[in-house]
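Working notes, beginning with the structure itself.
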Amino acid sequence: MSTNEPYTLWLKTEDRELTVDLVRDVLAAVDNDLWVAAACADRLVDDVVAQRALLELGISRTSSAVDRAKASLLQQPDSAGTFWTRETLNMYFTQVPEDAQLCQIRAILLERLDRLSSFVEVYKAVQVQEDDIADEWEDDPWANDLDNAPSVKSDNLSADLQIPLSEFLINDLVDVTCFLASHELYPAVRTLMTHHSPALWPFRFTVLNSIPTHSLPSDYSDLLPAYDIDQDTERSPSLMNWRTVIDWVESPEVGEALRDAQALPEVESAPDTMSEPMSACLGPQELTAWYRRRVDDIISSTGMLDIALATVQHGASLGVPDLDELGEDLSLLTRLVYHTSQPKEAHNAEDWTLGRWRSMDPAQVIQAYLAYSTSETVAADILHLVMPYLFVLEARAERTGQSDPNLATRFLYEYVLNAPLPIVAAIFEASKPTLPVSRRIVRNDEDIARLALACLYGSDSRDEWSTMGVIFECLPAWDIPLGTDHEVDEAHTTVASLGAFVTPSTMQPHCSAAVLFLFFKPLSLVALSRALDILDVHLECGEILSRWNVSVPLHWFLQSANDATEQRARANRMARRTGSSSDEMRRRTDWERLLEDMQKLRATSETGIKGAFGLLSGEEVSSIFLSGLLSSGLFDVAHAILLQPHSKLHLSAAVVESICLSVSREFYDNASSGNYKTGDMKLAYDCLAVPPPSERLARERDFIEATSRLSSFNISSRPGVQLSPLEIRLTEDRLSLVSRVLSSTADAYKHTEVILDLLYKLGYRGNAIAEVKTLAMLSDTALQAEDFTRAYETSKRMIETVSNFRAEASGGTIDPTVQEASEVCWVACYQLGRQLEFHDVAKKQELLGRALEFCPSDKLSDVLTSWRRLQKDDLDNRRDYLAHRSPTRQRSSASWKPTSSLQARLMDLHMPGNPFMNAEDAAVLAGKAFNRVASNFPFAAGGQRWLGSSASRARSDSRESSGPRLDGEDVSVQASRALQKGIGWLLGADDEG
C-alpha cells in the first residue's frame with residue numbers, strides 16, 4: 001500500500017460503509033497520530049461496534065502525546081506522583097501545539113466513549129420498559145416482535161430511542177435527558193442521571209420539569225428531590241461514573257490549559273441549555289417551593305388534581321416539610337373543580353393553578369363557584385355552594401375574634417352587583433317578596449329595590465330589555481303617595497342628582513353598579529318608590545328605542561334628562577334608520593309607526609315623568625323625522641305623509657322646504673359622481689320635488705344640473721382625479737369652473753349657448769358681469785384656436801351685452817360694475833382686433849373702434865397704435881393691389897390720402913392732457929400705456945393668459961416689428977417709438993414718408 005493510499009481510501013469511504021476491519025486496516029497504516037485521532041473524532045456513525053472501534057483507536061493514538069506531556073512537565077517525583085503548574089502547561093501546549101491538539105481530541109473521544117456506554121445501557125433500559133408495557137397487553141398483536149428486537153450491535157439500535165447514535169454522542173446531554181424524560185423513558189433518564197451525574201445534577205430540575213405533568217409520580221418517584229433531615233438540605237446523588245479514575249486530560253488543570261491554548265476551538269459547541277444550572281443542594285423551603293410549583297404546573301396544564309395530590313404525597317414521604325397545608329388547599333380546589341357547574345365544551349374549561357386559588361379573596365371564590373352557572377342553575381348553586389362557603393367564612397372570622405354579621409350579605413350583594421343581567425334576573429326571581437323568607441336569596445325588600453336600580457342603571461347592556469322587564473316585575477310594589485312637600489322635594493332632588501351622578505367625568509369615567517348601590521343605600525322609602533316610577537318610564541322608552549335599532553344603556557336616560565342636545569342627537573339617529581321593507585304600503589306603515597313612537601318618547605307620563613325626548617318640541621321632532629325620512633330616499637312616502645288629510649307632521653311649508661334643501665345638499669355633498677341621473681346626485685335632485693315648487697328649489701335644481709354638466713366635461717381637480725361635486729360646491733368663484741371647462745375641452749367654445757346655460761345654472765342668471773366675462777372667455781378660447789369667425793361673433797354678442805348694460809345704468813356716479821364690464825369688453829375687442837392672423841379688416845376695425853369706445857382714456861394710445869397700424873397695412877395692401885392692376889391706378893393711388901372723415905372721428909375723441917404735448921411727453925405716455933396693456937385683463941382661462949398664448953403673441957410681435965426681434969430694453973425702445981409715432985399722428989402731425 002502506497003503512502004497516500006490510506007488517506008485516499010479513508011476519505012472516499014462513506015460513514016455508512018465503515019466497519020471495524022476497515023477502521024483498523026486503513027487507519028493502522030497511517031503513522032500520523034494527529035491525523036488518525038482527528039479522523040476518529042471527525043467520523044460519527046450509528047453502528048455501535050464501529051463507533052466503539054473508532055473511539056478506542058483514536059484514544060490509543062493520543063496516548064503518546066499524554067506521555068510526552070507528562071515527561072516534559074515532570075518537576076519532582078515523589079510518592080504522590082508528579083506535579084505541575086498551569087503556567088508550565090500553557091507554555092508546553094504553546095510550544096507543542098500538536099500535543100495540545102491530541103490531548104484535546106483525547107478528551108473529546110473519552111467523553112464520547114462514556115456516552116457510547118450510556119447509549120447501550122439506555123437502549124437496554126428502554127427495551128425492558130417496552131417489554132413491561134407489552135406484558136400489560138395480553139392480546140397485543142405485536143408482542144412477538146419484541147422477542148426479535150435487534151442486538152446492541154445492530155445499526156438500528158436507536159430506533160426505539162428516536163435519537164441516532166451519531167446525534168446522541170454530540171448533542172447536549174441535558175437536552176437528550178430532557179427529551180427522554182418528556183417521552184417518559186424513566187429507566188433511560190435514571191441511567192444518564194446515574195452515570196453522568198456531574199454533568200446532569202446541576203440541571204436536575206430542568207429534567208424534572210420536562211416530565212409530562214400528567215405522568216404518575218410513582219413512575220419517577222426515585223427522581224424526585226428528597227430531603228435529608230440529618231443534613232437539613234436536599235439529598236445529594238451518588239456518583240457512578242463509567243471510569244473509576246479520570247484521565248489525565250480530564251483533570252481541571254489540563255482542561256483549563258487546553259482552553260487557554262485553544263487547541264481545537266471549533267471541535268465541540270457549547271451546551272445549548274435554556275435553564276440556569278443549580279449545583280448546590282436546595283434547602284427545605286426551596287424544596288417545598290419546587291413542589292408547589294410542580295403542583296401548580298400540573299393543575300394549570302392538565303387540571304388533574306389526583307396527580308397533583310399524589311405528587312404532594314410522594315414529596316411528603318421523601319421528607320419534604322410544609323406540604324400538609326398544600327394538601328388541604330388541593331382538597332378545597334377539588335371541591336371547586338368537581339362540584340360546580342362546568343362548561344359544556346372541554347376547550348372552554350378554565351385552567352386553575354394552586355397559586356391562583358390561594359391568591360383569591362372571598363369575592364373571587366364566589367365568582368369561581370358561579371362562573372359557569374346559568375340562569376337556570378345559579379339560584380341552586382348559590383344556596384348549595386356559595387351560602388355554605390360564606391357561613392364558613394363567618395365561622396372563621398368568629399374563631400379569630402373578628403366577628404362580622406354582615407359578611408355573608410356583603411359578599412353576596414357584591415356578586416349580584418357585578419353579575420350579568422340574566423343571572424341577576426334569576427337571583428331576583430329566587431328573591432321575590434311573595435316567596436317564603438327561608439327560600440329567598442335576598443331577603444330584604446328595600447335591598448332588592450336598591451340592588452335592582454343599581455344593576456339596571458349601572459349596566460351597559462343595550463338589548464336585554466326583556467330581562468330588565470323580568471327584574472322590574474320581581475321588585476316590591478309600594479303604593480306610597482307623595483306625602484309632605486319635604487318628601488316630594490327629596491324625591492325630585494334624588495332623581496335630579498342621580499343624572500349628574502351617572503354622567504361620566506375625569507374622576508369617574510364609568511359609574512358602576514357597586515357605586516350606584518352606595519348612592520341608593522341611604523334613600524328613604526319614598527325616594528326609592530319614586531325611583532322605581534322613573535325606572536318604569538325609562539324601561540318603556542328603552543324598548544321603543546331598541547325596536548328601531550337605536551338602543552342605549554339605561555343610564556343614558558338619566559344622563560340626557562336635562563340635555564336637549566343629546567336627546568336631539570338620539571332622535572336624529574332614530575329617524576335615520578335603514579332596512580325598510582320593499583313593499584310601499586309596508587314602508588309607509590313603518591314610518592308612520594316610527595313617527596308615532598318618536599312622539600311617544602317626548603310625551604309625559606301620568607306620574608309627571610318626561611320621556612326620552614321630553615326636552616324637544618313637537619315641531620322639532622317632526623322636523624327630525626322628516627329629515628330622516630328624506631335621507632332614506634323614500635320621497636314617495638314622504639310626499640304621501642305630507643299630503644294625507646290628517647297628517648301627524650305639523651310643519652309649515654317653509655320648514656318643509658328648508659328640510660328638503662338641507663337633505664338634498666347632504667346627498668349632494670356625499671355624491672361620488674356629478675351625474676344627476678344616478679346615485680346620490682339623483683337623490684339630491686329628486687328630493688327637491690317633494691315640497692311645492694319655489695325659487696329656492698329651482699336655483700338648487702339648476703345648480704345640480706350644472707354640476708352634472710360640469711362632470712360630463714371630466715374636469716380634474718388634480719392629476720388623475722376628477723373634480724368631485726363637493727369641490728364644485730366649495731368653489732368660491734364658480735366662474736372659474738367655466739374657465740376650466742373651456743381650458744380642458746378643445747371645442748367647448750363652439751357651444752356658446754351651452755356654456756351660457758351652464759353659467760346661468762351656476763347661479764349667475766341675470767349677472768351681466770359674469771355673462772360678459774364668460775363671453776370674453778369664449779372669444780379668447782376661439783382666438784387661441786384661431787377660429788376668428790367664432791371669436792368675432794362672440795365678441796359682437798359681448799359688445800351688445802355691454803352696450804345694453806351701459807344703457808341701463810343711470811345716475812351721476814359711474815357704476816363700478818359698468819366699468820368692470822367695459823374693461824373686460826374693450827380688452828377682448830382689442831386683443832382680437834390686433835391679431836394679424838385675422839384678415840377681415842372691416843371686422844377688426846369695428847372691434848378696435850369698440851375698444852376705443854369702451855377703454856379708459858389712459859389706454860387710448862395703445863388702441864390707437866393698433867388702429868393706425870391696421871389702417872396703414874390696409875392702405876399698403878390696396879396700393880399693392882392697384883399697382884399690379886394698372887399704371888394709371890398706381891399713379892392715382894400714390895396720391896391717395898386718408899380721408900378727413902376718419903381723422904375727424906379720431907380728433908373728436910376726448911384725449912386727456914394737453915393736446916400740444918411735446919414728443920417726449922408722448923413717448924412717456926405711450927410707454928406707460930404699452931406696459932399696462934398686458935396686465936389689465938381681469939382673469940385667466942385654464943392657466944392661459946388673457947392676452948393669448950405665448951406662441952400667438954410671438955407671431956403677432958414678429959409680424960408687427962419691421963426688423964429683427966429684439967430683447968430687453970431694445971424692445972421697449974422700439975415699442976415706445978412706435979407708440980409715440982401713433983400718438984403724434986393722432987395729434988395731427990404729418991405722416992412720415
Checking side-chain contact (heavy atoms from CB on, under 4.5 Å) for the pair H639/L642: CA distance, chi angles, key distance, verdict?
-> CA-CA 5 Å; H639 197 269; L642 286 171; 5.9 Å; no

Return yes if some donor-acceptor pair links the side-chain N/O of Q567 with the main-chain N/O of S560 below 3.5 Å, else return no.
-> yes

Would a distance-only check, ignoring hydrogens and angles, find a side-chain to backbone donor-acceptor pair under 3.5 Å from R665 to E700?
-> no

Only one of D447, N444, N418, N406 passes side chain to side chain donor-acceptor pair (under 3.5 Å) with Y413; say which it is.
-> D447

Does the side chain of M468 come within less than 4.5 Å of S461's, by heavy atoms?
-> yes

Tell me, yes or no, whether the heavy-atom count around R573 atom CZ, taken from other residues, nucleotides or ligands under 6.0 Å, exceeds 12.
-> no

Contacts table for residues 649-658: side-chain donor-acceptor under 3.5 angstrom, sequence neighbours left out:
from	atom 1	to	atom 2	distance (Å)
S652	OG	V655	N	3.4
E657	OE1	S694	OG	2.8
E657	OE2	R696	NH1	3.3
S658	OG	A654	O	3.0

NZ (K610) with more than 12 external heavy atoms under 6.0 Å = no

Test item: S622 side-chain N/O and G618 main-chain N/O as donor-acceptor pair under 3.5 Å = yes

From L421 atom CG to S466 atom OG, the distance as rounded to the nearest 0.5 Å = 10.0 Å

Atom CZ in R570, atom CG in D563: separation rounded to 0.5 Å?
-> 12.0 Å

Should R440 and D445 count as an ion pair when the cut-off is N to O under 4.0 Å?
-> yes

Are the side chain of Q364 and the backbone N or O of D361 linked by a donor-acceptor pair below 3.5 Å?
-> yes

Heavy-atom side-chain proximity of F428 to L451 below 4.5 angstrom = yes

Roughly how far, to the nearest 0.5 Å, is CD of E732 from CG of L730?
-> 9.0 Å

Charged N-O contact under 4.0 Å between R709 and E705 = no

Where is the tightest heavy-atom contact between R588 and A640, given as atom of each residue plus distance?
-> NH1-CB, 3.9 Å

Will you find, in the side chains of T374 and E376, an N or O donor that is under 3.5 Å from an N or O acceptor?
-> yes

Worked verdict on D702 versus Y760 for side-chain contact (heavy atoms from CB on, under 4.5 Å) = CA-CA 8 Å; D702 286 344; Y760 300 151; over 6 Å; no

Taking atom CD of E540 as the centre, report whether more than 12 heavy atoms of other residues, nucleotides or ligands fall under 6.0 Å from it.
-> no

Write down the atom of C474, the atom of P433, and the distance for their closest heavy-atom approach.
-> O-CD, 3.5 Å

Heavy atoms of I471 and A452 approach each other most closely as CG2-CB, 4.0 Å

Note, S459 side chain near L554 side chain (heavy atom, < 4.5 Å) = no

Inter-residue atom distance W478.CH2 - R530.CZ, 0.5 Å rounding = 15.5 Å

Decide, yes or no, whether a salt bridge links R593 with D590 under the criterion of side-chain N to carboxylate O below 4.0 Å.
-> yes

So, do L710 and L762 sit near enough that their side-chain heavy atoms are less than 4.5 Å apart?
-> yes

Kindly give the heavy-atom pair with the smallest separation between A426 and S375, and that separation in Å.
-> CB-O, 3.2 Å

Distance-only polar pair, side chains of S716 and R740, donor-acceptor under 3.5 Å | no

Is R547 paired with E543 through a side-chain N to carboxylate O contact shorter than 4.0 Å?
-> no

Please confirm whether the backbone N or O of K521 pairs with a side-chain atom of R450, one donor and one acceptor, at under 3.5 Å?
-> yes

Take S632 and W591, measure what side-chain contact (heavy atoms from CB on, under 4.5 Å) needs, and give me the verdict at the end.
-> CA-CA 11 Å; S632 66; W591 281 96; 3.5 Å; yes

Once you round to the nearest 0.5 Å, how far does CD of Q599 lie from CG of L594?
-> 10.0 Å

Trace of the side-chain contact (heavy atoms from CB on, under 4.5 Å) decision for S664 with I704 | CA-CA 10 Å; S664 174; I704 293 175; 3.9 Å; yes

Between S708 and Y685, is any side-chain donor less than 3.5 angstrom from a side-chain acceptor?
-> no

About how many Å separate CD1 of I715 and CG of L737, when rounded to the nearest 0.5 Å?
-> 6.5 Å

Do Y369 and D381 come close enough that some side-chain heavy atom pair is under 4.5 Å?
-> no

Do other residues, nucleotides or ligands put more than 12 heavy atoms under 6.0 Å from the CZ atom of R729?
-> yes

Can you name the closest pair of heavy atoms from W556 and E566 and give their distance?
-> NE1-OE2, 2.9 Å

Answer yes or no: is there a side-chain heavy-atom contact under 4.5 Å between I769 and Y764?
-> no

Has the side chain of T377 got a donor or acceptor atom that lies under 3.5 Å from a matching backbone atom of S373?
-> no

How close do S711 and Q722 get, heavy atom to heavy atom, and via which atoms?
-> O-NE2, 2.9 Å

Sub-4.5 Å side-chain heavy-atom contact between L532 and L528 | no

Is any side-chain heavy atom of D669 closer than 4.5 Å to a side-chain heavy atom of P725?
-> no

